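Every heavy atom of this structure was used, including side-chain atoms; hydrogens, water molecules and symmetry mates were not. Start at 1 and go down the list; that is how both ligands and their atoms are numbered. This structure is a prediction, so every number in the text was calculated from the model and none was measured. The first residue in the sequence is number 1, and the count goes up from there.
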Amino acid sequence: MDFDLSDDHRLLRGTVREFAREEIAPVAAELDRTGAFPYELVRRLGELNLMGIPFPQEVGGAGADTLAYAIAVEELARVDSSVAITVCAHTSLGTQPIYLFGSARQRAEWLPLLTSGQRLGAFGLTEPEAGSDAGNVRTRARLEDGEWVVDGAKQFITNAGTDISGCVVITAVTGVDGAGRKEISNLLIPNGTPGYEIGPPYRKMGWHASDTRPLSFAGARVPADHLVGARGAGFKQFLRVLDIGRIGVAAMGVGLAQGALDEALRYARERTAFGQAIGRFQAIQAKLADMATEIAAARLLTYRAAVLKDQGRDFSLAAAQAKLKTGRLAVRAAEEAVQIHGGYGYIEEYPVCRFYRDAKILTIGEGTDEVQQMVIARALGV
Ligand SMILES: Cc1cc2nc3c(=O)[nH]c(=O)nc-3n(C[C@H](O)[C@H](O)[C@H](O)COP(=O)(O)OP(=O)(O)OC[C@H]3O[C@@H](n4cnc5c(N)ncnc54)[C@H](O)[C@@H]3O)c2cc1C
């Protein structure tokens with residue numbers, strides 16, 4: 001067991017940390033206020049080879065591992081969650097299914113565009129009637145004259161509606177299997193496909209600069225070879241994609257909590273009350289000490305899930321545990337950071353206010369806490 005990061009991982013962490021501090025931090029509050037999508041930052045992330053971190057160089061990726069990806073996402077979320085989720089949803093949800101299950105043709109066409117960040121990828125699983133119960137897909141696709149004809153709706157989809165969104169991989173019911181069960185398959189739908197409509201962005205509690213929209217399909221037609229992987233393999237495929245995605249979202253929780261601690265520490269040193277810095281009060285010190293300890297534990301869980309994946313071992317349980325732990329931690333750490341800021345914590349000029357709003361989704365997206373508990377309990381044999 002080696003707790004030290006490799007030179008490569010440390011170098012990457014330093015690069016992303018500097019980028020976040022120099023280029024994201026100065027604009028994060030304004031992006032949050034206006035809800036403007038961070039096109040320029042995404043372009044810079046592409047230049048820095050951060051839009052396809054865990055994919056091989058042959059397909060345009062950075063050729064790094066999942067641990068590197070987690071470290072990068074952590075450093076981004078430490079400063080801004082909207083940018084971090086844009087990278088995360090693009091990498092783990094948008095690009096991953098094409099990389100893992102796509103045909104040679106799909107990979108050749110899409111991976112260079114996605115891994116370079118020229119185009120954003122999205123994954124459309126959630127529907128009005130299918131969130132936690134993701135198998136309850138209502139969107140349907142039928143083969144007609146060599147084309148899939150898609151009808152249905154998706155909701156809460158990240159990255160599908162920006163000016164640089166390239167495609168969305170969706171789950172759809174493509175028939176019934178021999179036992180009468182729904183046959184679920186994944187289909188690749190390029191932006192601009194007639195009949196594929198992208199709704200207006202939601203007004204969200206947080207992640208204001210991230211793109212989240214409803215999608216609808218009314219007789220949308222794509223060629224038969226837009227099936228991603230085998231017909232009927234969609235359920236297994238999305239479980240795999242979600243397992244991987246949880247590592248990224250867990251890294252977001254660690255990063256957000258660390259960012260909240262950074263801000264709380266800074267404020268505790270600056271702010272005086274009763275003639276001394278508030279950081280000298282034991283009640284404030286206890287909060288800071290608990291935050292730092294919980295963050296250290298959550299980081300280890302997250303890195304462990306990433307390393308298990310990189311070693312080709314089963315990481316589903318570790319990823320669910322990391323996701324559960326870090327989502328809760330992010331919410332608590334952001335709340336404590338606001339508390340340490342007193343009234344100023346409730347005012348938007350301090351980043352902790354944004355962190356507080358951005359944290360809550362981490363206990364909901366990519367599987368709610370209750371879903372993670374189900375996954376963990378199943379692994380415990382109950
Ligand atoms: C900002 C944002 C971005 C998102 N991005 C994407 C995206 O890019 N792609 C995508 O496909 N989805 C995306 N989602 C959807 C997200 O993954 C779902 O919202 C989430 O999985 C929960 O599904 P739901 O909203 O339908 O809630 P429900 O499934 O309706 O859950 C409601 C409540 O019931 C609980 N519950 C449900 N079933 C059980 C059970 N069996 N036992 C105990 N409790 C249960 C849940 O834990 C929750 O507390 C996004 C959501 C948001 C808000």
Side-chain angles (χ1 to χ4, degrees), residues 32 35 37 77 80-98 114 120-139 152-162 165-172 184 186-189 191 198-217 228 234-235 237-246 248-250 252-253 256 319-320 323-324 327-328 330-331 354 357-378 382:
D32 175 71
F37 186 79
D80 184 57
S81 289
S82 288
V83 173
I85 187 57
T86 300
V87 171
C88 239
H90 166 75
T91 307
S92 330
L93 299 184
T95 310
Q96 196 70 252
I98 300 173
L114 296 170
L120 285 178
F123 187 55
L125 173 64
T126 307
E127 299 188 1
E129 304 295 326
S132 305
D133 187 7
N136 192 33
V137 182
R138 302 283 168 91
T139 296
K154 298 286 172 181
Q155 67 178 9
F156 306 148
I157 308 306
T158 306
N159 282 346
T162 73
S165 296
C167 61
V168 60
V169 173
I170 60 160
T171 48
I184 298 175
N186 281 324
L187 288 169
L188 192 158
I189 318 282
N191 283 48
I198 299 166
Y202 295 97
R203 289 183 59 231
K204 303 188 293 269
M205 178 190 294
W207 285 4
H208 285 166
S210 141
D211 181 76
T212 323
R213 298 174 191 251
L215 315 178
S216 65
F217 304 90
V228 179
F235 193 80
Q237 288 174 357
F238 78 65
L239 289 181
R240 180 76 183 163
V241 168
L242 290 180
D243 275 348
I244 298 172
R246 280 171 193 153
V249 176
M252 286 191 62
L256 189 148
K323 163 78 170 61
L324 180 65
R328 289 171 167 177
V331 170
R354 169 167 50 90
R357 290 185 285 96
D358 283 343
K360 184 56 199 164
I361 182 63
L362 297 174
T363 68
I364 297 171
E366 298 245 0
T368 62
D369 280 5
E370 293 75 14
V371 166
Q372 307 311 321
Q373 287 168 324
M374 277 161 48
V375 172
I376 295 164
R378 224 173 274 145
V382 289

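The contact set between ligand 1 and S132, taken as ligand atoms under 4.0 Å from a residue heavy atom, comprises 23 (O), 28 (P), 29 (O), 31 (O), 37 (C), 38 (N), 46 (C). Atoms of ligand 1 lying under 4.0 Å from at least one heavy atom of W207, given by number and element, are 1 (C). Remark: ligand 1 atoms within the under-4.0 Å shell around heavy atoms of I364 are 20 (C), 21 (O). If you number the atoms of ligand 1 from 1 as listed, the ones under 4.0 Å from a heavy atom of I157 come out as 7 (C), 8 (O), 9 (N), 10 (C), 11 (O).
The closest approach between V371 and ligand 1 stays at or above 4.0 Å for every heavy atom of the residue. Residue contact annotation: M374 has a non-hydrogen atom under 4.0 Å from ligand 1.
Atom 22 (C) of ligand 1 has as its closest protein heavy atom T368 CG2, 3.8 Å. Closest protein heavy atom to atom 17 (O) of ligand 1: E366 N, 3.5 Å. Nearest to atom 49 (O) of ligand 1 among the protein's heavy atoms is E370 OE1, 3.6 Å. Regarding atom 24 (P) of ligand 1, its nearest protein heavy-atom neighbour is G131 CA, 3.9 Å. Of the protein's heavy atoms, F156 CD1, 3.7 Å lies nearest to atom 19 (O) of ligand 1. T158 OG1, 3.4 Å is the protein heavy atom nearest to atom 3 (C) of ligand 1. Closest protein heavy atom to atom 53 (C) of ligand 1: I361 CD1, 3.3 Å.
Between E127 atom CD and R138 atom CZ the span is 8.0 Å, to the nearest 0.5 Å.
The side-chain hydrogen bond (donor to acceptor under 3.5 Å, both in side chains) search around S82 returns none, not counting sequence neighbours. Taking the side-chain hydrogen bond (donor to acceptor under 3.5 Å, both in side chains) definition, one finds that S216 meets it with nothing, sequence neighbours left out.
Where the criterion is an N or O separation shorter than 3.5 Å, residue side chain and backbone included, F123 meets it with respect to ligand 1.
H90 places a side-chain N or O within donor-acceptor distance of the main-chain N or O of L114, the cut-off being under 3.5 Å. With N136 contributing its side chain and A130 its backbone, the two residues share no donor-acceptor pair below 3.5 Å. When atom types are taken as modelled, the side chain of K323 and the backbone of L362 share a donor-acceptor pair closer than 3.5 angstrom. The backbone N or O of N159 lies less than 3.5 Å from a partner atom in the side chain of S165, making a donor-acceptor pair. The closest donor-acceptor contact from the side chain of R213 to the backbone of P200 lies at 3.5 Å or more, if one exists at all.
Counting heavy atoms closer than 4.0 Å to ligand 1, residue L125 contributes atoms from both its backbone and its side chain. Heavy atoms from both the backbone and the side chain of T126 come within less than 4.0 Å of ligand 1.
With respect to E366 and R246, no salt bridge is recorded, no charged nitrogen being found less than 4.0 Å from a carboxylate O.
There is a protein heavy atom closer than 4.0 angstrom to atom 12 (N) of ligand 1. Remark: atom 46 (C) of ligand 1 lies closer than 4.0 Å to at least one protein heavy atom. Distance check on atom 39 (C) of ligand 1: every protein heavy atom falls at or beyond the 4.0 Å cut-off. Distance screen at 4.0 Å: atom 30 (O) of ligand 1 has no protein heavy-atom neighbour inside the cut-off. Protein heavy atoms all stay at least 4.0 Å away from atom 33 (C) of ligand 1.
Looking only at atom types and distance, the side chain of K204 has a donor-acceptor partner in the side chain of T212 under 3.5 Å away.
The minimum heavy-atom distance between G135 and F235, with the atom names listed, is CA-CE1, 3.7 Å.
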